[in-house]
Amino acid sequence: MTRPAGVQAPVGTHDVLAPDSARWQWLLGTFADWAARYDFGLIISPMFEDLAVFHRGIGEASEMANKEMYVFEDRGGRRLGLRPEGTASVVRAFVQHHPALPFKAWYATPAFRYERPQKGRYRQHHQIGVEALGTDDPAMDVEVISLAWRFYEALGLKRVRLLINSMGHAGCRGDYLELLSEHLGAHEASLCEEHRPTWARNPLRVLDCKRQDCVEVTAGGPMLIDHLCHECATHFAAVREGLSSMGIASELSPRLVRGFDYYTRTTFEFVSEVLESAQNAIGGGGRYDNLVEQLGGDPVGGIGFGSGIERLLLVLEAEAVALPGIQPELFVVDTCPVDASSALIDELRRAGLRVARAYDARSMKAQMKAADRSGARLALLIGPRELAAGEVTMRDLRGEEGAGAQVSLARAEVLAHVLERLKKRP
RNA sequence: GUGGGCGUAGCUCAGUUGGUUAGAGCGCCAGGUUGUGGUCCUGGAGGUCGCGGGUUCGACCCCCGUCGCUCACCCCA
């Protein structure tokens with residue numbers, strides 16, 4: 001209990017040990033599979049970047065860039081930041097390497113934000129996501145969004161809603177912002193305490209405010225979705241139609257304003273209906289048609305999404321989805337005074353089997369107990385009797401009738417019998 | 001950054017207006033069954049009661065500080 005100061009995970013971080021880590025492996029594997037089906041390739045990029053990458057990407061005014069980033073200076077005097085989200089780094093890598101278009105990349109990465117932890121919110125959390133750069137085609141918006149949707153389905157999630165909105169491009173958004181500012185200015189006195197003095201700096205944020213005062217003011221005001229230019233409106237309609245043609249329902253959510261400044265046109269968020277906590281967004285993303293240029297690249301568009309692993313795990317638990325574990329298939333019990341099992345265990349493992357064993361020369365009873373708890377289906381017993389006879393006893397630990405049947409096998413035939421038995425009962 | 005709740009065994013927790021050697025269940029180890037798990041019985045190990053200070057004859061209990069966990073605001077994944 002008492003341990004030296006500092007010998008514990010930092011605030012807001014967690015260790016994930018087996019068997020819980022098996023859920024992560026399964027989730028990550030499922031995502032990798034679906035990303036590959038959509039022809040996305042894995043990208044691995046550094047977890048820290050020059051601060052400018054994040055500042056220019058996320059927007060200097062944003063809460064995240066200002067107060068939540070882990071910033072440090074290295075020994076060479078460089079100002080660096082720990083990745084707070086996935087997109088900026090991918091775009092930076094894209095600009096740096098000029099890959100062929102369209103560039104479709106998926107990632108799994110930790111993300112760091114200095115915030116007060118609470119349920120579903122940590123200082124180090126983990127995201128999986130994709131970015132697709134180099135095309136404005138609404139079909140790519142549809143691919144990115146549907147990939148997320150199919151992935152959630154593959155996990156077994158049922159109670160997920162897709163909220164969608166369009167932020168327009170710089171032109172129509174600019175026109176709209178004037179209308180919105182006019183409206184907010186006229187009703188300034190009715191805004192909530194926080195936004196009354198600050199609405200002018202970022203009027204869109206007010207739309208996102210959940211306090212009753214602001215909700216009432218903005219409800220009577222203009223919505224961006226009604227003021228999109230022809231091109232943006234057409235693009236948005238194509239995205240929704242594409243999703244609809246796949247049977248994916250998207251709910252128009254005109255107040256949806258996501259946290260990063262870089263979004264244009266399509267923005268979306270996946271919310272869980274079963275999470276009771278305030279952190280019910282399990283993923284989100286959008287199009288960013290100016291970001292590549294802002295980071296020094298050609299003026300090409302992109303779109304992506306990110307999803308939080310910890311939150312997905314919370315939802316999986318809330319929806320009571322059964323999660324596959326990783327258990328040994330065999331447990332080898334060896335009670336001989338000399339090592340009689342290492343070579344056999346090696347043979348089994350090289351044949352692809354997951355094999356557990358006991359250590360410290362414990363009694364047969366203790367080893368059998370360990371075998372039972374390991375979750376293995378079969379136990380192989382080698383005691384002095386088997387050793388002398390050149391045999392191995394194979395015992396079924398998961399026999400449906402309770403008492404497991406056991407048979408004696410010649411040492412040379414063990415592998416063949418084990419493979420047959422395990423295949424027989426998948 | 002703001003506010004609430006909580007830190008007692010590996011885990012989940014109990015602990016009577018502050019009173020002697022701090023308990024339970026589960027888990028773990030061993031034995032009952034000198035070669036057999038899952039049920040049952042018996043026994044055992046394991047705690048500077050988060051840490052530091054204070055009040056008191058005496059503190060797991062009261063007070064202060066501190067560290068940590070947790071929930072909410074905020075922000076978001």
Side-chain angles (χ1 to χ4, degrees), chain A residues 1-14 17 58 62-69 83-87 108-129 148 192-195 205 208-211 256-260 269-272 275-285 305-315 331 333-336 358 360 362-388 393-406:
Chain A
M1 199 77 219
T2 303
R3 56 180 82 83
V7 184
Q8 58 189 307
V11 175
T13 68
H14 296 278
L17 314 203
I58 300 164
S62 78
E63 192 94 1
M64 194 182 293
N66 268 329
K67 299 221 68 177
E68 298 180 356
M69 255 215 275
R83 161 184 300 172
E85 55 94 45
T87 302
T109 179
F112 306 88
R113 296 177 200 170
Y114 190 87
E115 307 177 273
R116 284 284 289 269
Q118 67 183 76
K119 193 175 187 65
R121 191 177 77 185
Y122 312 102
R123 287 189 175 173
Q124 176 176 339
H125 75 281
H126 301 79
Q127 289 191 27
I128 47 188
C192 80
E193 216 168 296
E194 185 196 335
H195 291 294
R205 279 253 76 86
D208 200 33
C209 181
K210 278 135 200 134
R211 276 184 273 268
L256 178 62
V257 175
R258 294 188 43 79
F260 309 126
E269 196 164 284
F270 296 96
V271 298
S272 166
L275 279 194
E276 303 211 351
S277 80
Q279 324 296 336
N280 68 343
I282 59 174
F305 86 88
S307 206
I309 294 178
E310 285 84 352
R311 286 198 191 164
L312 286 172
L313 260 10
L314 282 176
V315 179
F331 194 103
V333 172
D334 178 357
T335 56
C336 298
D360 301 319
R362 303 177 65 197
S363 68
M364 174 159 289
K365 175 174 175 155
Q367 293 194 43
M368 283 302 295
K369 202 168 183 175
D372 181 52
R373 288 183 189 149
S374 75
R377 180 178 306 150
L378 299 177
L380 296 181
L381 286 66
I382 308 175
R385 282 212 297 267
E386 284 85 355
L387 185 61
T393 298
M394 179 170 76
R395 183 177 175 87
D396 189 342
L397 297 174
R398 301 284 172 262
E400 294 175 11
E401 295 299 317
Q406 62 184 46

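Because the structure is a prediction, the values reported are computed rather than measured. Convention: sequence-line order gives letters A, B, ...; per-chain numbering from 1.
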### Side-chain heavy-atom pair His125(A), Ile309(A) within 4.5 angstrom cut-off
no
#### Entry: Nearest-angstrom distance, C1' atom, G65(B) to G7(B)
16 Å
### Atom pair distance, as rounded to whole Å: CD in Gln8(A) and P in C69(B)
7 Å
### Message
Using a 4.0 Å heavy-atom cut-off, does Gln124(A) contact any base of the nucleic acid, only the sugar-phosphate backbone, or nothing at all?
### Response
nothing
### Task
Select one nucleotide: of A77(B), C75(B), C73(B), the one nearest the side-chain heavy atoms of Arg116(A).
C73(B)
#### Entry: C71(B) phosphate, OP1 or OP2, under 4.0 Å from Gln118(A) side-chain N/O
no
### Message
Between the base of C75(B) and the side chain of Arg121(A), is one N or O donor paired with an acceptor at under 3.5 angstrom?
### Response
yes
#### Entry: Beyond-backbone contact of Lys365(A) with Met368(A), side-chain heavy atoms, under 4.5 angstrom
no
### Query
Ignoring hydrogens and geometry, is there a side-chain-to-backbone donor-acceptor pair from Glu310(A) to Arg121(A) under 3.5 Å?
no
### Identity of whatever pairs with G7(B) - Watson-Crick or G-U, under 3.5 angstrom
C67(B)
### Task
Could you check how far CD of Glu115(A) sits from P of C73(B), rounded to whole Å?
13 Å
### Side chain of Asp208(A) (C-beta onward), nearest among A77(B), G37(B), C76(B)
C76(B)
### Message
To the closest 0.5 Å, what do you measure between CZ (Arg116(A)) and CD (Glu68(A))?
### Response
13.0 Å
### Message
Can you check the distance between A14(B) and G31(B), where both ends of the measurement are the C1' atom (answer in whole Å)?
### Response
30 Å
### Residue whose closest nucleotide on RNA chain B lies nearer the 5' end, Val257(A) versus Thr335(A)
Thr335(A)
### Query
Taking the six-membered ring of Tyr114(A) as reference, does the NZ or CZ atom of Arg123(A) fall below 6.0 Å from its centre and within a 45° cone about the axis?
yes
### Under-3.5 Å donor-acceptor pair between Gln367(A) side chain and U36(B) base
no
### Task
Output yes when at least one side-chain N/O atom of Arg205(A) is less than 4.0 Å from OP1 or OP2 of C76(B), else no.
yes
### Task
Could you tell me whether Tyr122(A) contacts a base, only the sugar-phosphate backbone, or nothing, with contacts defined as non-hydrogen atoms closer than 4.0 Å?
base
### Task
Searching all strands shown, indicate the nucleotide that pairs with U17(B) (Watson-Crick or G-U wobble; both distances under 3.5 Å).
none
### Query
Looking only at side chains, do Thr13(A) and Gln124(A) share a donor and an acceptor under 3.5 Å apart?
no
### Query
Is there a Watson-Crick or G-U wobble partner for U12(B) with both distances under 3.5 Å, and which nucleotide is it?
A24(B)
### Query
Which whole number of Å gives the distance between the C1' atom of G23(B) and that of C60(B)?
12 Å
Within the sub-3.5 Å range, which N or O atoms of nucleotides 29-33 of chain B have a protein N or O partner, and how far apart are they?
{"from": "C29(B)", "atom 1": "OP1", "to": "Arg362(A)", "atom 2": "NH1", "distance (Å)": "3.4"}
{"from": "C29(B)", "atom 1": "OP1", "to": "Arg362(A)", "atom 2": "NH2", "distance (Å)": "2.8"}
{"from": "A30(B)", "atom 1": "OP2", "to": "Arg362(A)", "atom 2": "NH2", "distance (Å)": "3.2"}
{"from": "G32(B)", "atom 1": "N7", "to": "Lys365(A)", "atom 2": "NZ", "distance (Å)": "3.3"}
{"from": "G32(B)", "atom 1": "O6", "to": "Lys365(A)", "atom 2": "NZ", "distance (Å)": "3.1"}

### Query
What is the distance, rounded to the nearest whole Å, between atom CZ of Arg123(A) and atom C1' of C76(B)?
15 Å
### Message
When the C1' atoms of C69(B) and U55(B) are compared, how many Å lie between them, rounded to an integer?
### Response
28 Å
### Message
I'd like to know if Lys369(A) pairs up with Asp372(A) as an ion pair, taking the criterion as any Lys NZ or Arg NE/NH1/NH2 lying under 4.0 Å from an Asp or Glu carboxylate oxygen.
### Response
no
## Note on the structure
Value for OG1 (Thr335(A)) from CG (Leu381(A)), rounded to nearest 0.5 Å, stands at 7.5 Å
### Query
Rounding to the closest angstrom, what is the interatomic distance between C13(B) and U8(B) at atom C1'?
9 Å
### Message
Once you apply a heavy-atom cut-off of 4.0 Å, does Leu381(A) come out as touching a base, just sugar-phosphate, or nothing?
### Response
base
### Exam field: side chain Gln367(A) to backbone Val333(A), donor-acceptor pair closer than 3.5 Å
no
#### Entry: G44(B) and G3(B), which share atom name C1', separated by this distance in whole Å
47 Å
### Gln127(A) CD to C76(B) C1', straight-line distance once rounded to whole Å
9 Å
### Message
What's the gap between A9(B) and G15(B) when it is taken at their P atoms, as a whole Å value?
### Response
15 Å
### Donor-acceptor under 3.5 Å (Gln127(A) side chain, Ala108(A) main chain)
no
### Query
Roughly, in whole Å, what's the span from CD in Glu310(A) to P in A77(B)?
13 Å
### Message
Measuring only the C1' atom in each nucleotide, how far is A59(B) from G53(B)? A whole number of Å is fine.
### Response
13 Å
### Message
For Tyr114(A) and Arg311(A), find the nucleotide of RNA chain B closest to each by heavy atoms; which residue's nucleotide sits nearer the 5' end?
### Response
Tyr114(A)
### Spacing between Asp396(A) atom CG and G38(B) atom C1', to the nearest angstrom
12 Å
#### Entry: Nearest-angstrom distance from the residue atom NE2 of His14(A) to P of C69(B)
7 Å
### Base-pairing assignment for G1(B) (Watson-Crick or G-U wobble, both under 3.5 Å)
C73(B)
### Query
Rounded to whole angstrom units, what separation is found between the CG atom of Asp372(A) and the C1' atom of G37(B)?
5 Å
### Task
Measure from the side chain of Lys119(A), starting at C-beta and using heavy atoms only, and say which of C71(B), U36(B), U70(B) lies closest.
C71(B)
### Query
In terms of side-chain heavy atoms of Val11(A), which of G37(B), C69(B), A77(B) is nearest?
C69(B)
